[in-house]
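Let me begin by handing over the structure; questions about it come next.
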Amino acid sequence: MTSLPDPLLAPPYVVDITRADVDALDTFMTAQTHELRLAHRYDPAVCRVTFGLDAAVNRVLFDLRRTFEVNDGTLELLHTRKRHWNELCRITAGWRETKGYDTARWKQVFFLDAQDAAASAPRAEPAAEPEADEPAQGAHP
């Protein structure tokens, strides 16, 4: 039986991001900014900041959701989804320690898929061959 990797140890790939992840993060952030506005409804500065944050999050959500609507599987689309997802994760990172924030799913991604990760992995340098006129280590002249 194959065990699944621990999501906290294995970074997700772009192909692992689902529309449900996007919707869940949207729901979470909407609740957070709504709570802030209610708690500080008489503070215009807090209200302006939360409305600005909502606008930024919603713009990224709009662009990110479009990558699921026109999912043609091209590399360009995957790179676009990666860019928007990572931007959304950066914007919402301040809530990582908040109850309900899914730290296993809502994190930046660095690779499109496992193949992309493997292709980017550092490769070991081959051991240098001893020169013909140099004796090998441990050899007697």
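Numbering starts at 1 and runs along the sequence shown.
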If only atom types and distance count, is the side chain of Asp43 paired as donor or acceptor with the main-chain N or O of His40 below 3.5 Å?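 No; judged by distance alone, with no hydrogens or angles, the pair does not exist.
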Roughly how far, to the nearest 0.5 Å, is the OG atom of Ser120 from the CD atom of Gln115?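 Those atoms lie 10.5 Å apart.
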Could you measure the distance from the OG1 atom of Thr98 to the CD atom of Glu35? Nearest 0.5 Å is fine.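 The distance works out to 9.5 Å.
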When you check the gap from the basic side-chain N to the acidic O, do Asp102 and Lys107 get nearer than 4.0 Å?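 Answer for the salt bridge query: no.
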Can you find a heavy atom in the side chain of Leu78 that is under 4.5 Å from one in the side chain of Val15?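 The answer is yes; the side chains approach within 4.5 Å.
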Output the distance between atom OH (Tyr13) and atom NZ (Lys82), rounded to the nearest 0.5 Å.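 One finds 12.5 Å between OH of Tyr13 and NZ of Lys82.
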If two hydrophobic side chains count as joined below 4.5 Å and joins carry through other members, does Phe28 share a cluster with Phe51?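 No.
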Would you mind reporting whether Thr67 and Leu64 have side-chain heavy atoms less than 4.5 Å apart?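 They are in contact (side-chain heavy atoms under 4.5 Å apart), so the answer is yes.
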So among Leu36, Asn58, Ile91, which one has a side-chain contact (heavy atoms from CB on, under 4.5 Å) with Leu53?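 The side-chain contact (heavy atoms from CB on, under 4.5 Å) with Leu53 is passed solely by Ile91 among Leu36, Asn58, Ile91.
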Please determine if Asp54 and Arg37 form a salt bridge, counting it only when a charged side-chain N lies under 4.0 Å from a carboxylate O.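 So Asp54 pairs with Arg37 through a salt bridge.
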How many angstroms lie between CG in Leu61 and CD in Glu87, if you round to the nearest 0.5 Å?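 Nearest 0.5 Å value for the CG-CD distance: 10.0 Å.
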Flag yes if more than 12 heavy atoms outside Arg96 fall under 6.0 Å of its CZ atom; otherwise flag no.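 Atom CZ in Arg96 is not crowded, with 12 or fewer foreign heavy atoms closer than 6.0 Å.
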Flag side-chain contact, heavy atom, 4.5 Å: Phe68 against Ile17: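 Yes. Closest side-chain heavy atoms under 4.5 Å.
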Give a yes or no answer on whether the side chain of Arg59 reaches the backbone of Ala56 with a donor-acceptor pair at less than 3.5 Å.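 Checking the backbone N and O of Ala56 against the side chain of Arg59, no donor-acceptor pair under 3.5 Å is found.
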Determine the interplanar angle of the Tyr101 and Trp106 rings, folded into 0 to 90°, and report it as parallel if under 30°, tilted if 30 to 60°, perpendicular if over 60°.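 Rings of Tyr101 and Trp106: perpendicular, as their planes differ by over 60°.
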Can you confirm whether Arg66 is buried at CZ, in the sense that more than 12 heavy atoms of other residues, nucleotides or ligands lie under 6.0 Å from that atom?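 No, the 6.0 Å shell around CZ holds no more than 12 heavy atoms from other groups.
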Would you tell me whether Asp26 and Thr30 have side-chain atoms, one donor and one acceptor, within less than 3.5 Å of each other?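 Yes, side-chain donor-acceptor contact under 3.5 Å.
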Under the side chain to side chain contact (heavy atoms under 4.5 Å, CB included) criterion, do Leu75 and Leu112 qualify, and how do the steps go? CA-CA 9 Å; Leu75 282 176; Leu112 302 180; 3.5 Å; yes
Pair Asp23-Arg65, salt bridge (Lys or Arg N to Asp or Glu O under 4.0 Å): steps then yes or no: CA-CA 9 Å; Asp23 294 341; Arg65 284 184 172 122; 2.9 Å; yes
Flag side-chain contact, heavy atom, 4.5 Å: Trp85 against Gln108: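 Sidechains of Gln108 and Trp85: no contact.
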